[in-house]
Number of protein chains: 2
Amino acid sequence: MKLEKVTKKPRRYDDACGTAHGLELIGERWALLVMRELMLGPRRFGDLRSSLPGLSANVLTQRLEGLEASGLVRRETLPPPASVPVYALTGWGLEAEPIIRELGRWAARSPGHDPTLPLSAVSLILSLRTMFDPARAHDAALDFVFGRDRFHARVRDGALISGRDPGAAPEAVIEGEPGAVAGLIYGFAALDDLERDGALKVFGDRGAIARFAAAFELPGKAA
Amino acid sequence: MKLEKVTKKPRRYDDACGTAHGLELIGERWALLVMRELMLGPRRFGDLRSSLPGLSANVLTQRLEGLEASGLVRRETLPPPASVPVYALTGWGLEAEPIIRELGRWAARSPGHDPTLPLSAVSLILSLRTMFDPARAHDAALDFVFGRDRFHARVRDGALISGRDPGAAPEAVIEGEPGAVAGLIYGFAALDDLERDGALKVFGDRGAIARFAAAFELPGKAA
DNA sequence: CTGTATCCGTGTTGATACTG
DNA sequence: CAGTATCAACACGGATACAG
């Protein structure tokens, strides 16, 4: 019925500059945020939608098609018994993480940045990777629970290891919304308040949380 | 006549993620390329236009207004006797250079990247900063002449210093189109051929050019 | 020369409804 | 759940015309 894909990309920059070509690859609206959501592993279409409120289904389809055509995203089917379609970054797509980090680090200094808006779980983990300061690091082992999604974060020898799925032997487990965890770790909300409001539940060693949080700080505003 | 500036920015992401906010700041088409052109110092409206073919005057006006409203660009008037209006990056705007570099470095690995397209002078200098490899650096002092624009590049003690205006005591001066210089330095064109075609004119020590070029290499394709 | 203000055709974006 | 179809609004780019 719809065999011919016209695949017109008439909006080019015609510029040999790598930056300009990068914008042709991931400069379309939502494209980089879709990649952000895939940075920690494959996701389903519906999971992407719920992590990106405001992105409609047809646009998500277009972005995934475009990213797949560019060799950044691969459409896969999970092995049985799951057998569901998922979208995954290719190796090269994964290499875009430094771009996301630099952009986030820089924009966090914006006077117009509102850190109280909703935050996806992947965004939180990537922001931890971005804002981690090895000079302030103390060993700590934390897990996070966001609904059915679980993540681990480990500080060891001045390095941060983080990702999807729980880790071994966490010293503390934090459960709540990603935004509340951000408030806790970046220090613009107090743990006592967050627990009293029911925004966060904490299990285990609170000292480990304090040690962990000490390594993370938001940069000052540029103004 | 048109006093009310509606200034609608209805296309937001509503996401606390710094990356998303960054896209709201510089994610519009052409915005990052306008900033790229300002990275090496203030420019005039017409200079920006000629460096960015395909960008129409009305869109350039919109971008400059938006970037100024975000605190990234400042409109200034050069002191007499010049007394001409120019656009300059603010300090915070200047801090976006790592984003441009990471994006360029990453996109240079794209199979679809065509390095033979036209290239602006600023793009060339920024690409040198991006691709410079301290491990291969040998001292060299080069100046570049692109029409009326002149730039300097110095490798000293494993570091690259580059910018607008000629430097002191260059060992060699290269004159031509930025794209031809890119071909020379990145090694996909031979100096002899470029000179024979009239694409490049070289004055001074050719050995310095070879020493300089040895520190720059384009990354391999991802594919 | 440095913009600003229009109109206009096209393409992109996004919300809603809908199908398998 | 995973998309597709349709339609409306907007952004983009070209071409002016115009003001200082």
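We name chains A, B, ... by the order of the sequence lines, and we start the count at 1 in each one.
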Participant: Can the positive tip of B:Arg29 be found less than 6.0 Å from the middle of the six-membered ring of A:Tyr13, inside 45° of the ring normal?
Facilitator: yes
Participant: Rounded to the Å, how far apart are A:Glu65 CD and C:dT13 P?
Facilitator: 13 Å
Participant: If you look at every strand shown and take non-hydrogen atoms under 4.0 Å, does B:Arg49 touch a base, only sugar-phosphate, or nothing?
Facilitator: nothing
Participant: Where the side chain of A:Arg75 is concerned, which of D:dC12, D:dG3, C:dT2 is the nearest nucleotide?
Facilitator: D:dG3
Participant: Below the 4.0 Å mark, does C:dG14 have OP1 or OP2 next to a side-chain nitrogen or oxygen of A:Arg63?
Facilitator: no
Participant: Between A:Arg109 and B:Glu95, is there a salt bridge with N-O shorter than 4.0 Å?
Facilitator: yes
Participant: Nearest 0.5 Å, please: how far is CZ in B:Arg129 from CZ in B:Arg105?
Facilitator: 13.5 Å
Participant: Can you measure B:Phe45 atom CZ to C:dT4 atom P for me and round it to whole angstrom units?
Facilitator: 6 Å
Participant: Check the phosphate of C:dT12 against A:Arg29, side-chain N and O only, distance under 4.0 Å to OP1 or OP2. Yes or no?
Facilitator: no
Participant: What is the distance, rounded to the nearest whole Å, between atom OH of A:Tyr87 and atom C1' of D:dC1?
Facilitator: 11 Å
Participant: Any N or O donor-acceptor pair linking the side chain of B:Asn58 to the base of D:dG14 at under 3.5 Å?
Facilitator: yes
Participant: Expressed as a whole number of angstroms, how long is the span from A:Leu64:CG to C:dT13:P?
Facilitator: 14 Å
Participant: Between atom CH2 in A:Trp30 and atom P in D:dC10, what is the gap in whole Å?
Facilitator: 17 Å
Participant: Starting at atom CZ of B:Arg12, determine the distance to atom C1' of C:dT13, rounded to an integer number of angstrom.
Facilitator: 17 Å
Participant: Figure out the CG/C1' separation between A:Leu48 and D:dG3, and round it to whole Å.
Facilitator: 13 Å
Participant: Among the candidates C:dT13, C:dT2, D:dA2, find the nucleotide nearest to the side-chain atoms of B:Pro85.
Facilitator: C:dT2
Participant: Just the rounded figure in Å: distance from C1' of C:dT4 to CD of B:Gln62.
Facilitator: 11 Å
Participant: Mind checking whether B:Phe216 and B:Phe212 have parallel, tilted or perpendicular rings, split at 30° and 60°?
Facilitator: tilted
Participant: Which class fits the ring pair B:Trp106 and A:Trp92: parallel under 30°, tilted 30 to 60°, perpendicular over 60°?
Facilitator: parallel
Participant: Relative to the 5' end of DNA chain D, which residue comes earlier, A:Thr61 or A:Tyr13, by the nucleotide with the nearest heavy atom?
Facilitator: A:Thr61
